[in-house]
> 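Take this structure, written in structure tokens, and hold onto it; I'll ask about it next.
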Protein chains: 2
Amino acid sequence: MRDVARLAGVSQPTVSRVLNETTTAISISEETRQKVFDAVRELQYRPNMTARSLRTQETKMIALMIADISNSFYHPIVRVIQDVARQHDYDVIIADSDHRQDNERHFIEAVTRRPVDGVIMVPIHLTDEEIDHFIAQTRTPVVVIGVQIKHPQVDVVWADDEQATYEAVRWLLTERGYAQAGFVGVPDDFPPGPRRWRGYLRAMEEAGLPVEPDFVLFDGDFTLESGRRCARKVLAQERWAPVYFAVNDLMAIGFILEMQDAGYTVPDDVAVMGFDDIPEASIIRPHLTTVAQLTRELGDKLATTLLDRIEGRSEGPKRVLEIACKLMPRQSA
Amino acid sequence: MRDVARLAGVSQPTVSRVLNETTTAISISEETRQKVFDAVRELQYRPNMTARSLRTQETKMIALMIADISNSFYHPIVRVIQDVARQHDYDVIIADSDHRQDNERHFIEAVTRRPVDGVIMVPIHLTDEEIDHFIAQTRTPVVVIGVQIKHPQVDVVWADDEQATYEAVRWLLTERGYAQAGFVGVPDDFPPGPRRWRGYLRAMEEAGLPVEPDFVLFDGDFTLESGRRCARKVLAQERWAPVYFAVNDLMAIGFILEMQDAGYTVPDDVAVMGFDDIPEASIIRPHLTTVAQLTRELGDKLATTLLDRIEGRSEGPKRVLEIACKLMPRQSA
DNA sequence: TGGTACCATGCATACGTATGCATTAAACCA
DNA sequence: TGGTTTAATGCATACGTATGCATGGTACCA
């Protein structure tokens with residue numbers, strides 16, 4: 001910038017002012033403005049964002065932590081967030097926690113040492129205390145996906161997946177006519193597993209059906225491989241449910257593949273339903289019956305909610321935004 | 001840091017020296033070292049990486065640009081790079097170009113304004129000039145995936161996919177006994193399409209087969225949807241090849257799905273082979289015959305090659321590293 | 001013509017850190 | 001005891017930018 005100033009025959013602050021004309025209402029003569037622009041072009045000058053960040057205390061970056069880059073559910077979300085952020089002149093840095101607690105911790109550590117203007121994340125293992133502490137220390141706006149956080153300023157965008165699961169399981173039992181339904185889930189501390197579990201429970205209760213301990217599994221972690229594991233566990237049992245509701249598509253798909261590898265037919269020997277409607281749901285045979293989440297809308301709401309906070313358009317207590325779910329009847333159940 | 005210094009009763013530079021003990025050979029008394037550590041713990045102090053970057057001119061970040069987050073081919077690569085980088089105390093920021101030229105340009109722009117210590121990328125549309133210019137301006141080490149770059153310092157990691165394609169097509173023709181083979185490709189300026197095209201050509205030539213214009217398509221862009229488009233084009237024709245080699249799995253899968261949607265059977269009505277061996281290749285029915293690339297090894301080599309450059313262990317002209325390919329015979333061809 | 005207002009720009013400084021150099025005190029040697 | 005080395009620390013500064021304040025100049029008005 002000093003070189004630009006020298007070439008344009010003005011001072012460094014003047015160059016700064018020309019380049020950030022929007023910021024200050026200060027006036028610059030058209031002549032020097034031109035000289036500066038010419039010099040910038042000539043020298044191919046690009047402002048150093050590191051220095052700018054140090055001075056302004058804002059980085060024009062937002063950090064996004066997803067739980068599993070292999071889960072297609074997140075892909076449209078990533079895309080939309082990148083697009084919206086770009087429109088507002090922010091860069092997005094993406095991190096993948098792989099559902100691992102140490103990775104989540106590392107992410108938080110990274111964004112406190114290297115400040116960003118906002119954070120969007122899927123905190124699976126992070127505690128409320130850790131999040132509180134992060135916010136207290138950095139005052140960074142945070143928006144989360146699909147998880148309720150106690151902190152009074154953390155916005156959340158989610159689907160009402162308890163209700164959606166309830167409706168899906170009810171639909172399996174009443175419309176599709178299954179006499180019983182199993183549940184392929186995750187441990188209690190894996191949001192949003194417990195919500196979907198409650199939806200399942202509600203549907204079972206309403207249908208007057210007992211929850212058979214043999215038919216419910218909690219060994220998953222949202223990955224395809226864990227769906228296979230659950231299927232192997234079922235295969236080792238004597239009794240199966242006629243249909244299994246899996247907490248997400250990836251596990252449903254793993255479950256189906258393992259069943260098929262073992263020589264069974266879906267949905268005749270065992271039916272399977274998923275949640276998310278990722279592209280693979282329409283690749284696998286039979287096509288996966290599932291619940292779609294409007295992920296583009298989800299991404300859009302995440303990004304705009306965060307930017308509203310960052311740019312001061314939203315100051316109050318936390319907002320909870322809901323996105324719609326839609327039953328996608330296909331062939332697997 | 002000033003607060004830490006005050007609390008520890010020492011000067012700010014002393015705190016800095018204690019925290020970066022590795023850097024300088026300067027000696028600090030054990031007593032003050034302890035006082036500083038205590039103060040750091042008490043104040044929960046975390047160094048500000050922005051300021052540190054400004055001072056040291058290094059950011060401890062490497063930037064990774066992939067071409068399509070929906071292409072599972074990249075997922076293990078991302079994971080391994082994150083892991084290796086972490087071991088060396090670097091953070092990785094991921095960007096997704098979505099094969100779009102403007103996104104690639106934006107990425108380059110972003111990493112010149114906000115310097116990083118190294119770049120790993122899949123430059124599809126970027127010209128040699130743009131890359132030269134970036135390096136000249138920032139002196140940032142660059143490693144690319146699967147593309148030859150003219151710049152004498154840009155390392156490249158790739159598979160010998162021309163040879164692998166040649167062997168795959170030859171295998172289709174000789175071992176599998178197909179009398180002809182089609183090609184589902186991408187335009188000339190989409191690396192690594194042309195290399196795979198040359199492999200196909202070589203196999204056809206060696207087999208003494210003519211390349212039928214009706215059997216070769218170049219309308220793809222590596223996405224599943226573009227595979228469907230190619231299939232629709234084939235469906236509209238009178239003559240088909242008995243087997244099609246697609247430049248990647250995603251296109252092969254799109255091709256198969258569209259064929260199946262139109263009522264045809266794979267591999268009986270038309271056989272399809274892919275390239276990459278992404279997880280979806282083992283989800284689709286029939287399972288996709290394809291060529292596996294050792295993506296974890298690819299990611300590892302990318303990361304270590306880049307870190308070698310960054311940390312000065314490698315100074316010379318560009319290195320070209322090759323990873324192995326492996327034929328994966330399954331059911332689709 | 002002198003005073004006031006305002007436009008355009010420069011000067012000085014701060015953001016949080018790392019590091020060359022200077023300084024002090026202690027230790028050692030002759 | 002005086003001088004020289006060494007260990008431990010502080011002082012001053014720079015990285016590249018943004019901004020409050022001061023300043024010079026021009027135009028306007030009475």
> How would you list all residue pairs meeting salt bridge (Lys or Arg N to Asp or Glu O under 4.0 Å) that involve residues 131-146 of chain A, not counting sequence neighbours?
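As it turns out, there is no salt bridge (Lys or Arg N to Asp or Glu O under 4.0 Å) pair with a partner in residues 131-146 of chain A once direct neighbours are skipped.
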> Mind jotting down which residue pairs meet the salt bridge (Lys or Arg N to Asp or Glu O under 4.0 Å) criterion with at least one end in residues 106-122 of chain B? Sequence neighbours excluded, please.
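Salt bridge (Lys or Arg N to Asp or Glu O under 4.0 Å) check on residues 106-122 of chain B returns A:R46-B:E109, A:D91-B:R114, B:E109-B:R113.
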> In whole angstrom, give the distance that lies between atom CZ of A:R6 and atom P of C:dT9.
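Rounded to the whole Å, the gap is 19 Å.
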> Under 4.0 Å between any heavy atoms, over every strand shown, what does A:S16 touch: base, sugar-phosphate, or nothing? Just pick one.
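Touches a base.
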> With respect to the side chain of A:Q12, which nucleotide from C:dA14, C:dA12, D:dA14 is positioned closest?
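Output: C:dA12.
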> Take atom CG of B:N48 and atom P of C:dA18, then tell me their distance rounded to the nearest Å.
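Whole-Å distance recorded here is 10 Å.
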> Closer to the 5' end of DNA chain D via nearest nucleotide, is it B:S11 or A:V15?
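The answer here is B:S11.
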> Should B:H151 and B:I135 count as side-chain neighbours, where that means a heavy-atom distance under 4.5 Å?
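They are in contact (side-chain heavy atoms under 4.5 Å apart), so the answer is yes.
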> Given atom CD of A:Q34 and atom C1' of C:dA8, what is their separation to the nearest angstrom?
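So the CD-C1' distance, A:Q34 to C:dA8, works out to 17 Å.
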> Grab the N/O contacts between the protein and nucleotides 23-28 of chain C below 3.5 Å, and write none if there aren't any.
none

> On DNA chain C, compare the nucleotides closest to A:T14 and B:A51; which residue's is nearer the 5' end?
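Of the two residues, A:T14 wins.
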> Per the atom types in the model, does the base of C:dG16 pair as donor or acceptor with the side chain of A:R55 at under 3.5 Å?
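Such a pair does not exist between side chain and base.
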> Would you kindly give the CD-to-C1' distance between B:Q57 and C:dG16, to the nearest whole Å?
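After rounding, the gap between these two atoms is 14 Å.
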> State, yes or no, whether a side-chain contact exists between B:K318 and B:Q153 at a heavy-atom distance under 4.5 Å.
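A side-chain contact under 4.5 Å is absent here.
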> Go through the side-chain N and O atoms of A:S11 and A:T14 and say whether any donor and acceptor fall under 3.5 Å apart.
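Indeed, the side chains of A:S11 and A:T14 share at least one donor-acceptor pair under 3.5 Å.
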> So if I take the C1' atoms of five pairs at each end of the helix from C:dT1-D:dA30 to C:dA30-D:dT1 and get each local axis, what angle do the two axes make, rounded to 10 degrees?
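Nearest ten degrees gives 60° for this helix.
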> Does any pair with a residue in residues 49-69 of chain A pass salt bridge (Lys or Arg N to Asp or Glu O under 4.0 Å), and if so which ones, sequence neighbours excluded?
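Applying salt bridge (Lys or Arg N to Asp or Glu O under 4.0 Å) to every pair that reaches into residues 49-69 of chain A, excluding sequence neighbours, yields A:D68-B:R79.
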> Take atom CG of B:D3 and atom P of C:dG16, then tell me their distance rounded to the nearest Å.
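To the nearest whole Å, that distance equals 9 Å.
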> Would you please name every residue forming a side-chain hydrogen bond (donor to acceptor under 3.5 Å, both in side chains) with B:Q293, sequence neighbours left out?
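Counting only residues at least two positions away or on another chain, B:Q293 forms a side-chain hydrogen bond (donor to acceptor under 3.5 Å, both in side chains) with B:D276.
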> Roughly how far, to the nearest 0.5 Å, is the CZ atom of A:R17 from the OG1 atom of A:T32?
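Rounded to the nearest 0.5 Å, the OG1-CZ separation comes out at 10.5 Å.
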> Whole-Å distance between D:dT26 P and A:E31 CD?
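Nearest whole value for this atom pair: 13 Å.
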> Which heavy atom in A:H106 sits nearest to a heavy atom in B:R86, and how many Å separate them?
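That would be CE1-CD, 3.3 Å.
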> Looking at D:dC11, D:dA18, C:dA18, which one has an atom nearest to any side-chain atom of B:R17?
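Closest nucleotide among those given: D:dC11.
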> What's the closest nucleotide to the side chain of A:Y45 if the choices are C:dT17, C:dT9, D:dT17?
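Looking only at side-chain atoms, A:Y45 lies closest to D:dT17.
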> Between B:H75 and A:H75, is the ring-ring contact (aromatic ring centres under 6.0 Å, His included) condition met? List the steps.
CA-CA 11 Å; B:H75 300 167; A:H75 299 168; 5.1 Å; yes
> Which part of the nucleic acid, if any, lies within contact of A:S53, taking any heavy atom under 4.0 Å across all strands shown: a base, the sugar-phosphate backbone alone, or nothing?
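It contacts nothing in the nucleic acid.
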> Is any side-chain N or O of A:T32 closer than 4.0 Å to OP1 or OP2 of C:dT9?
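The answer is yes; a side-chain N or O of A:T32 sits under 4.0 Å from OP1 or OP2.
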> Among D:dT9, D:dC15, D:dT19, which nucleotide has an atom closest to any side-chain atom of A:R2?
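Output: D:dC15.
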> Of the candidate nucleotides C:dT17, D:dA18, D:dG10, which contains the atom at the shortest distance from the side chain of B:R52?
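Between C:dT17, D:dA18, D:dG10, the one nearest the side chain of B:R52 would be C:dT17.
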> Please state how far atom CD in A:E30 lies from atom P in C:dC7, giving the value in whole angstrom units.
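Nearest whole value for this atom pair: 16 Å.
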> In whole angstrom, give the distance that lies between atom CG of A:L54 and atom C1' of D:dT19.
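Going from CG in A:L54 over to C1' in D:dT19 covers 14 Å.
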